[in-house]
Number of protein chains: 2
Amino acid sequence: MTASPRRRVTLTDIAKACELSRATVSLVLRGSPLVHADTRARVEAELKRQGYVYHRGAANLRRNVSSAVALVINDLSNPFFAEFASGVDEALAEAGYVTLLGSTGESVERQQAVLASLLEHDPAGIILSPAEGSDAARLHALVGPRTPVLVFNRELDAGWDFLELDNHHGARLATEHLLGLGHRRIAFYGGHRDSSSCRQRRAGYREALAQAGITPEPQWLVESAPTRLEAARQVGALFVRDPAPTAAVCYNDAVALGLVAGLTARGRRAGHDFAVVGFDDIPEAAVSAPPLTTIAADPRARGRQAAALVLQRLQHPDAAPARTVAPARLMVRDSSGHALTPGAPR
Amino acid sequence: MTASPRRRVTLTDIAKACELSRATVSLVLRGSPLVHADTRARVEAELKRQGYVYHRGAANLRRNVSSAVALVINDLSNPFFAEFASGVDEALAEAGYVTLLGSTGESVERQQAVLASLLEHDPAGIILSPAEGSDAARLHALVGPRTPVLVFNRELDAGWDFLELDNHHGARLATEHLLGLGHRRIAFYGGHRDSSSCRQRRAGYREALAQAGITPEPQWLVESAPTRLEAARQVGALFVRDPAPTAAVCYNDAVALGLVAGLTARGRRAGHDFAVVGFDDIPEAAVSAPPLTTIAADPRARGRQAAALVLQRLQHPDAAPARTVAPARLMVRDSSGHALTPGAPR
DNA sequence: CTGAAAGCGCTTACAG
DNA sequence: CTGAAAGCGCTTACAG
């Protein structure tokens, strides 16, 4: 580790110093059993002495392989995606891959630009959580047939592998939980109707209500951007007319926490006079006040799963596209409160 | 965009199809004005027709440049780092660089491994938020003299650029705010004594207290892992003996939110009978219940700044290492409550 | 304005 | 067990 000059130390430098060919040094690097033990030791000492750093890009170019996987998500400041990215990166690192990060900020145009840029770095595969409004054909034309894509979270009809959360079933579980506690006027709060995950969650909610003989009223369906702040701002919409809902299934936890905050600001208490269920089980859900009843999606585990699926696809490029459904689990905490006492809020 | 075979389309393919040399096609790609307009048009049509994707790795190898920057952080599931990473990625993408992600999970050993792996991908520079207990000499030996490093958040005596938060001043601001509200028994809550950012924040806290003629008692100094959950568990330590503190400066927002939750669990209300100030201003701070008074570090802006600093270093490899201090700003919200009424909680 | 040639740092049959 | 040679996909002086 001499305080060497700026020039990169290459295989050729090591070969020269050891009076060997580059081929032999390369064999040492790749751990070939062909090399004589003494030669190996000499080379390894010299590698260390000169502070050699393997140039994986050059090797990959020659071998026609890639050791990178691109991860394209909406935005890391959404904790769900941060956890997801964390899981992806962890699993990829374990498998010897490096993660190339890209954020779309939920913009279809930025998504095209980001993908185009990442593709130039020759990723072995892509994990893509599509921006809202993505056009499958356009994406497919951009990515081409050589790079496998694992789509996460939002369906995309592009013939790629798909890892989906069980949105429908999760929302059913949430709604049935509230019905079981005696609620009859249950809102579906937050999210945009045109997002596929939101549509699926609403469908599960409607199905559970229908089975209980209930048709949701317009006032029970409140849209909002899927952020805490926006959700907090919309709370008034639930209470414009009596009788107002007594409970809400929320599009996600961010929205649920916003709803809780908005209720507090209006002098109501989640878990006491209004029951709230979230979706995602982000880390804050367990420690918010009150702790949030929610549907666990375990984004970190989903990240690991996405990494595993894309790596598996690299082994079997010609297998049929797979659809994987990640299970949803109800986590009961305080925000959904206790059973409604008969005759309480009518 | 023909549904082409699996083989990669290269410059050579385009050159052949256009009956030109690879050199000319390369000039088209790089936008050289030398090429005749007609030739350019022909080439560009063919590039599109065959779905050509530029292989930046090969070009970089030949040109001896790199278009990647490595970002090594503790963990994306910490929202502070998620925001930071988001800002880094955004600014790097704008400058035409791609972000290589690495997480240490606060382990010095994983940090060595992650860096070694990332270095093999030949990053132009590294943005490193060092794991606790990092050894500067060991890191320097690993990275070598060729790759510039921008250290973020925790000081590291390795002769690299350093972007630091103004921890000392921030904690002073927080403490003076509480003193100004009439508090005299002010705790410093959370964090580990051996982390440099924690030491600096404590020093600012002590300095402000000293200036008010106050010496902190042992009971006022509570250590905890810097997470919400751990912080919530330690709350009892503040109240083991009377008189207990009436306010706390927290190591960071995660800890502050944990403290708020712990207080609630013990029947106390942050902002009413106990004043809480956080540090970082993570997104939740503004929307928690109660909203958190805190020191804004604006991690996304810090991320952009870190990216700018490392890119600037690439232009001036031989300039002296720079230390940049990012300003701290007090954000007053509800968790620090109103002025103590004289004679209230003694 | 275009082409022939060399080379970035590595690997991999193929000889010996 | 080791070496000479070709080649991955690109760029860049240098000629013409």
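Numbered from 1 within each chain, the chains take letters A, B, ... in sequence-line order. These numbers come from the heavy atoms of this one structure, side chains and all, not from hydrogens, waters or symmetry mates. Quantities reported herein were computed from a predicted structural model and do not represent experimental measurements.
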Gap between atoms [atom1] and [atom2], on [X] and [N] respectively (whole Å):
X: B/Leu29; N: D/dG9; atom1: CG; atom2: C1'; result: 11 Å
X: B/Arg56; N: D/dG9; atom1: CZ; atom2: P; result: 17 Å
X: A/Leu11; N: D/dG3; atom1: CG; atom2: P; result: 13 Å
X: B/Asn60; N: D/dG9; atom1: CG; atom2: C1'; result: 12 Å
X: B/Arg7; N: D/dC8; atom1: CZ; atom2: C1'; result: 12 Å
X: A/Tyr52; N: C/dG9; atom1: OH; atom2: P; result: 10 Å
X: A/Leu61; N: C/dG7; atom1: CG; atom2: P; result: 17 Å
X: B/Glu120; N: C/dT11; atom1: CD; atom2: C1'; result: 15 Å

A/His55 side-chain proximity, nearest of D/dG3, C/dG3, C/dG9: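 Given the options D/dG3, C/dG3, C/dG9, the side chain of A/His55 is closest to C/dG9.
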Side chain to side chain donor-acceptor pair (under 3.5 Å) against [X], all qualifying residues, sequence neighbours excluded:
X: A/Arg40; value: none
X: B/Thr12; value: none
X: B/Glu164; value: B/Arg323
X: A/His121; value: B/Ser67

Counterpart residues, salt bridge (Lys or Arg N to Asp or Glu O under 4.0 Å), relative to B/Asp298 (two or more places apart): none
For B/Glu94, salt bridge (Lys or Arg N to Asp or Glu O under 4.0 Å) partners two or more places apart: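 Only B/Arg304 meet the salt bridge (Lys or Arg N to Asp or Glu O under 4.0 Å) criterion with B/Glu94.
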Partner set under side chain to side chain contact (heavy atoms under 4.5 Å, CB included) for A/Ala15, not counting sequence neighbours: A/Arg22, A/Val25
Partner set under side chain to side chain contact (heavy atoms under 4.5 Å, CB included) for B/Asp75, not counting sequence neighbours: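 Residues passing side chain to side chain contact (heavy atoms under 4.5 Å, CB included) with B/Asp75: A/Ser86, A/Arg300, B/Ser77.
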Pairs touching residues 24-39 of chain A that satisfy side chain to side chain donor-acceptor pair (under 3.5 Å), sequence neighbours left out: A/Ser21-A/Thr24
Distance test, side-chain N/O of B/Thr10 to OP1/OP2 of D/dG9, below 4.0 Å: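 False: B/Thr10 side-chain N/O out of range (4.0 Å or more) of D/dG9 OP1/OP2.
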B/Thr24 vs C/dG3: side-chain N/O to OP1/OP2 distance below 4.0 Å: yes
Nucleic acid contacts of residues 34-44 of chain A, taken as heavy-atom distances under 4.0 Å to DNA chain D: A/Leu34, A/Val35, A/His36, A/Thr39
Pair A/Ser103-B/Glu90, side-chain donor/acceptor within less than 3.5 Å: no
Polar side chain donor-acceptor pair, A/Thr99 to A/Asp89, under 3.5 angstrom: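 Yes, side-chain donor-acceptor contact under 3.5 Å.
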Secondary-structure stems, DNA chain C, at least 3 Watson-Crick or G-U base pairs under 3.5 Å: C:1-3 with D:14-16, C:5-12 with D:5-12, C:14-16 with D:1-3
For nucleotides 12-16 of chain D, which of its nitrogen or oxygen atoms have a protein nitrogen or oxygen under 3.5 Å away, and what is each distance?
residue	atom	partner	partner atom	Å
D/dT12	OP1	B/Arg63	NE	3.1
D/dT12	OP2	B/Arg30	NH1	2.9

